[in-house]
Amino acid sequence: MKIGDILTLLAVVFLLVSVTGFILDRPVLISYVTSDSMTPTLNKGDLFLINPFSKGKTGDIIVFKMNGHWTVHRIYAETSEGYITKGDNNVATDQQGGRSDAIRKEDVVGTVVTIFDKPIKIPYVGMYIQEFSKSTKNLYIAIVVIVLGSILLTAGGKDRVRKRKKRVVKVKYKTLYTIVSAVTIAIILISIVATWGTVGFNYASTLAGGQKEGWYLPNTEFDRPIVIENKAFYPMYYILSPKGDRIALDKTDFMLMRNEKESINVHVKVPVNTKIYYEQIDVYTYPPLLPTDLIKRLWNLNPYLPLVAFSIEIAGVLAIVYFATGSGEEEIVKIKIRRKYI
């Protein structure tokens, strides 16, 4: 395999992972800034890279879901409940005034890649991506152009180089297929888990209940709606899990088509103690790769069990494709180490 081929493979894998993230409406390896909260470190429209293997530490810039929205802010402090986060351009932390709970590590999809504490970024690219993403046709065109461009840039140039073979490493079809299958399943599972998040809202238990919006008398009850929207490009099955016993939902699981919304009524029991409360609902999303009732039964045991079932299902399909090709032992890739002379 030539250097150009290796670079092409890496570029295509990187793009596929990133495109998967855009399709599932979640950042995987790259994302972009949509506000001025991190200015001047990260400006609106900046494209940045994500390290998905890091959950961050105090001082790192992390990407996480807060109140149903993807956010890129810096870790201001760490507590037993999670991270306290803050935009570099914001006066207050995200958690001040009960606007959000501390960010749990499982809600962090990665840290922003930096060099000497400065983020690697490409200005303005995010604005173009945002405009493209408004049209499905334009988004697909952009993806095709990027993939073809990466292939063209990393291929060619061999006409002017005379080479002498030094060593050849042969890779069998079975080995290559196994690696590609494992990477494919990993990408799918990581992308699914990264779409999980939380939605929430604040309210106050106060003796001045009713005088302002969001103020309620202690030991009373009220209802309020939350809206769940599927921004992915295909149907998704949603399972909602309220945290704590102060709230109850009129619906905890449902299917949404692309761009479809569902309004859920939340019934709240206001605590006796007077203070500001933040209610949080965990949102789990799954592609309908299995019957939804089976997904729900597995979820009741553990939210990760449906992913195990997906892995088995996808592996089975890939195994069928593998045996259908009938070329399991064929040597199709030769990695050649050469000495080059101009």
Side-chain angles (χ1 to χ4, degrees), residues 17-39 41-56 60-76 82-90 93-95 99-114 119-122 124-134 139 187-201 226-234 236 238 240 256 258-259 261 278 280-287:
V17 174
S18 302
V19 168
T20 300
F22 282 118
I23 291 175
L24 292 176
D25 184 38
R26 56 89 55 204
V28 181
L29 295 178
I30 58 175
S31 189
Y32 57 92
V33 183
T34 59
S35 73
D36 296 318
S37 63
M38 282 296 292
T39 300
T41 309
L42 288 169
N43 299 309
K44 187 175 182 180
D46 284 352
L47 187 79
F48 57 86
L49 302 177
I50 301 171
N51 175 7
F53 302 105
S54 172
K55 294 296 185 179
D60 287 346
I61 304 172
I62 57 174
V63 182
F64 56 95
K65 204 161 194 178
M66 181 177 65
N67 298 335
H69 300 284
W70 291 110
T71 306
V72 52
H73 279 174
R74 193 182 299 275
I75 299 175
Y76 184 76
Y83 293 139
I84 305 300
T85 53
K86 176 181 174 296
D88 289 359
N89 195 36
N90 290 346
T93 66
D94 300 324
Q95 289 68 35
R99 292 185 299 170
S100 171
D101 281 352
I103 305 302
R104 302 174 301 174
K105 286 189 177 182
E106 51 263 39
D107 291 329
V108 178
V109 299
T111 59
V112 175
V113 178
T114 61
I120 300 175
K121 60 183 181 179
I122 305 177
Y124 309 118
V125 175
M127 295 180 180
Y128 296 105
I129 294 176
Q130 196 168 25
E131 289 300 318
F132 267 119
S133 63
K134 293 178 181 178
L139 180 60
I187 290 173
I188 293 174
L189 296 183
I190 291 173
S191 299
I192 292 174
V193 172
T195 62
W196 298 355
T198 59
V199 294
F201 56 88
I226 60 170
V227 177
I228 305 295
E229 180 180 4
N230 180 16
K231 296 181 181 179
F233 283 2
Y234 52 83
M236 294 290 280
Y238 288 77
L240 307 186
L256 290 181
R258 180 194 172 197
N259 292 331
K261 298 180 181 180
Y278 179 77
Q280 186 168 297
I281 302 165
D282 291 333
V283 180
Y284 299 89
T285 57
Y286 301 95

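- Between Leu49 atom CG and Ile120 atom CD1 the span is 5.5 Å, to the nearest 0.5 Å.
- Closest heavy-atom contact between Pro287 and Tyr234: CB-CE1, 4.0 Å.
- Annotation: side chain of Leu256 is not in contact with side chain of Lys261 (no heavy-atom distance under 4.5 Å).
- Between the side chains of Thr41 and Asp88, a donor-acceptor pair is found at a separation under 3.5 Å.
- Residues forming a side-chain hydrogen bond (donor to acceptor under 3.5 Å, both in side chains) with Asn51 (at least two apart in sequence, or on another chain): none.
- Nearest heavy-atom pair, Asn259 versus Glu229, reported as atom, atom and distance to 0.1 Å: O-OE2, 4.3 Å.
- Under the 4.5 Å side-chain criterion, counting only non-hydrogen atoms from C-beta, Ser31 is not in contact with Val72.
- Pairing each heavy atom of Thr285 with each of Ile192, the nearest pair is O-CG2, 3.5 Å.
- Between Ile50 and Gly110, the shortest heavy-atom contact is CG2-CA, 3.9 Å.
- Residues Met38 and His73 meet the side-chain proximity criterion, which asks for heavy atoms closer than 4.5 Å.
- With a 4.5 Å cut-off on side-chain heavy atoms, Tyr83 and Lys105 count as touching.
- Asn89 places a side-chain N or O within donor-acceptor distance of the main-chain N or O of Asp36, the cut-off being under 3.5 Å.
- Between Val112 and Lys121, every side-chain heavy-atom pair lies at or beyond the 4.5 Å cut-off.
- Under a cut-off of 6.0 angstrom, the local environment of OH in Tyr76 is sparse, with at most 12 non-hydrogen atoms contributed by other residues, nucleotides or ligands.
- Between Tyr124 and Asp46, the shortest heavy-atom contact is N-OD1, 4.0 Å.
- The closest side-chain donor-acceptor pair between Asp94 and Ser100, if any, does not fall under 3.5 angstrom.
- Of all non-hydrogen atoms in Lys65 and Thr198, the two that sit nearest each other are O-OG1, 4.4 Å.
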For this session: Check step by step if side chain to side chain contact (heavy atoms under 4.5 Å, CB included) holds for Tyr238 and Asn230.
Result: CA-CA 9 Å; Tyr238 288 77; Asn230 180 16; 3.4 Å; yes

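- One distance of note links CG of Asp282 with CZ of Arg104; it measures 4.5 Å at 0.5 Å rounding.
- Separating the CG atom in Leu42 from the CZ atom in Arg74 is a distance of 8.5 Å, to the nearest 0.5 Å.
- In this structure, the separation between CZ on Phe64 and OG1 on Thr71 is 5.0 Å, given to the nearest 0.5 Å.
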For this session: Could you give me the CA-CA distance, side-chain angles and deciding distance for Lys55 and Asp60, then say whether side chain to side chain contact (heavy atoms under 4.5 Å, CB included) is met?
Result: CA-CA 9 Å; Lys55 294 296 185 179; Asp60 287 346; over 6 Å; no

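- For the pair Tyr286 and Trp196, the minimum side-chain heavy-atom distance is below 4.5 Å.
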Exercise. Stepwise, does the side chain to side chain contact (heavy atoms under 4.5 Å, CB included) test hold for Phe48 with Ile61?
Worked result: CA-CA 11 Å; Phe48 57 86; Ile61 304 172; over 6 Å; no

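- Side-chain atoms of Met66 and Asp107, non-hydrogen and from C-beta on, never get closer than 4.5 Å to each other.
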